[in-house]
**Student:** 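Before I ask anything, let me first share the structure, which is written out below as structure tokens.
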Amino acid sequence: MHSDPRVDQGVCLSLSQRVGARGDNRTHKSVLLSVLVCPGQDHVDATSEFAVVVQYQLGQHRVLMAAEVDAMKDDGDGPVKGRPYVELKTYKIAAHSKAVGALYKEKHPRWWVQSYLAGISTLVLGGRDHNGQLHKVQEVPVQLLPGLSAQAGQKWDPDALLAFGDAVLGWIIQQAQLQPGRQLLVSYSHVERRIDCRPVDGDLPQRLQQLLQ
């Protein structure tokens with residue numbers, strides 16, 4: 001597995017169609033995989049990344065989303081020359097049962113929805129101690145995360161996560177229709193567990209203006 005998924009040191013662009021096994025809102029109707037870019041370099045540069053642009057149907061909404069990809073495998077059933085994408089995660093090795101429960105209840109749902117929507121099929125998880133020292137590495141298929149959490153007594157519903165995303169998109173569209181022509185900022189308060197949408201003054205960033213022309 002390569003931690004730098006660049007293809008030929010340049011831009012990778014491909015189009016693949018994926019049809020899920022189910023016909024509900026968890027099915028990706030299509031996935032447009034593309035783009036990005038870091039020139040060859042030997043050191044880690046946090047400003048460079050490989051990203052994919054993913055198109056899919058989420059409930060009543062068609063979504064075009066950019067997602068950073070950490071790595072890819074050398075072989076398998078993946079979108080670029082048969083090479084599947086991989087998400088790298090680290091977690092603190094639990095010292096007590098409450099911490100174990102938090103891993104399955106809080107991290108697993110986040111890992112799942114992030115990877116699933118980006119078309120990433122595999123997680124590579126690194127367990128670390130409180131000093132940041134890595135002690136174990138394991139490979140986990142993304143599709144197994146809900147079942148693993150349920151076995152640990154921390155069941156969560158993947159369909160509920162996607163339905164919530166669909167509902168939020170619908171709410172954002174309603175807010176935009178109430179304030180046509182305004183630039184809106186959508187934010188989330190972790191403390192209040194609340195999503196807000198408010199108008200902001202000023203022009204759009206130049207890069208966004210160019211995209212809208």
Side-chain angles (χ1 to χ4, degrees), residues 1-38 46-91 103-104 106-126 137-150 156-170 172 186 188 211:
M1 183 179 66
H2 297 281
S3 59
D4 181 353
R6 292 168 294 178
V7 178
D8 298 329
Q9 305 294 328
V11 173
C12 166
L13 175 62
S14 66
L15 176 65
S16 66
Q17 299 291 325
R18 299 189 347 163
V19 178
R22 300 172 55 179
D24 58 15
N25 63 351
R26 294 178 60 182
T27 300
H28 283 59
K29 301 303 183 183
S30 63
V31 179
L32 174 64
L33 295 164
S34 84
V35 214
L36 267 122
V37 320
C38 40
T47 64
S48 296
E49 65 180 20
F50 180 91
V52 295
V53 178
V54 188
Q55 178 183 325
Y56 57 88
Q57 186 82 24
L58 182 60
Q60 300 300 312
H61 301 94
R62 290 192 303 169
V63 180
L64 187 66
M65 179 185 78
E68 181 184 357
V69 175
D70 292 330
M72 64 168 49
K73 289 185 174 182
D74 289 325
D75 52 38
D77 183 18
V80 179
K81 299 182 179 180
R83 300 171 64 182
Y85 293 135
V86 176
E87 179 70 17
L88 307 179
K89 295 292 186 184
T90 61
Y91 64 95
L103 173 67
Y104 291 108
E106 298 176 10
K107 290 189 178 293
H108 273 204
R110 296 173 186 173
W111 293 347
W112 180 86
V113 74
Q114 175 190 357
S115 300
Y116 179 81
L117 293 180
I120 297 173
S121 60
T122 303
L123 289 172
V124 173
L125 305 178
V137 176
Q138 62 184 129
E139 184 175 304
V140 179
V142 170
Q143 64 182 4
L144 297 185
L145 291 180
L148 293 173
S149 295
W156 47 272
D157 185 357
D159 287 330
L161 299 182
L162 299 180
F164 176 74
D166 181 36
V168 170
L169 290 176
I172 292 174
V186 179
Y188 173 72
L211 291 174

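Bear in mind the structure is a predicted one, so any value in this text is a computation, not a measurement.
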**Student:** What heavy-atom pair brings Glu87 and Glu68 nearest, and what distance separates the two atoms?
**Tutor:**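 Looks like OE1-O, 4.3 Å.
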**Student:** Can you name the closest pair of heavy atoms from Asp157 and Asp159 and give their distance?
**Tutor:**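 That would be OD1-N, 3.0 Å.
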**Student:** Counting heavy atoms not belonging to Lys89, are there more than 12 under 6.0 Å from its NZ?
**Tutor:**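 Result for NZ/Lys89: enclosed.
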**Student:** Does any non-hydrogen side-chain atom of Trp112 lie less than 4.5 Å from one of Gln143?
**Tutor:**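 In short, these two side chains do not touch, never coming nearer than 4.5 Å.
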**Student:** Could you tell me which non-hydrogen atom of Ser115 sits nearest to which non-hydrogen atom of Val142, and how far apart they are?
**Tutor:**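 Closest approach of Ser115 to Val142: CB-CG2, 3.7 Å.
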**Student:** Any side-chain heavy atom of Val86 within less than 4.5 Å of one from Met72?
**Tutor:**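 The answer is no, as the side chains (C-beta and beyond) never meet within the 4.5 Å cut-off.
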**Student:** Looking at every heavy atom in both Leu162 and Val113, which two are closest together, and how far apart are they?
**Tutor:**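 Where Leu162 meets Val113 most closely, the heavy atoms are CD2-CG2, 4.3 Å.
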**Student:** Are any non-hydrogen side-chain atoms of Thr122 and Tyr85 less than 4.5 angstrom apart?
**Tutor:**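 Answer no - side chains too far apart.
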**Student:** Are any of the side-chain heavy atoms of His108 and Trp156 separated by less than 4.5 Å?
**Tutor:**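 In contact.
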**Student:** Answer yes or no: is there a side-chain heavy-atom contact under 4.5 Å between Leu145 and Val140?
**Tutor:**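 Side chain of Leu145 against side chain of Val140, heavy atoms only: contact under 4.5 Å found.
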**Student:** If you round to the nearest 0.5 Å, how far is CG of Leu161 from CZ of Arg110?
**Tutor:**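 Separation between the atoms: 11.0 Å.
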**Student:** I'd like to know whether His61 forms a side chain to side chain contact (heavy atoms under 4.5 Å, CB included) with Asp166, so could you lay out the CA-CA distance, the side-chain angles of the two residues, the decisive distance to 0.1 Å, and finally the verdict.
**Tutor:** CA-CA 7 Å; His61 301 94; Asp166 181 36; 2.5 Å; yes
**Student:** Between Leu117 and Met65, what is the shortest heavy-atom contact and its length?
**Tutor:**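 Nearest pair, atom of Leu117 first, then Met65: O-CE, 3.5 Å.
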**Student:** Are more than 12 heavy atoms from other residues, nucleotides or ligands located less than 6.0 Å from atom CZ of Phe164?
**Tutor:**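 No.
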**Student:** Quick check for you: to the nearest 0.5 Å, what is the distance between Leu148 atom CG and Leu103 atom CG?
**Tutor:**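 Reported to 0.5 Å precision, the distance equals 10.0 Å.
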**Student:** Please check if the side chain of Glu139 supplies one atom and the backbone of Pro141 the other of a donor-acceptor pair under 3.5 Å.
**Tutor:**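 No: the side chain of Glu139 does not pair with the backbone of Pro141.
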**Student:** Determine whether Leu169 and Leu58 make a side-chain contact, defined as any pair of heavy atoms from C-beta on separated by less than 4.5 Å.
**Tutor:**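 Yes. Closest side-chain heavy atoms under 4.5 Å.
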**Student:** Could you tell me whether the side chain of Asp70 and the main chain of Leu88 form a donor-acceptor pair under 3.5 Å?
**Tutor:**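 Present.
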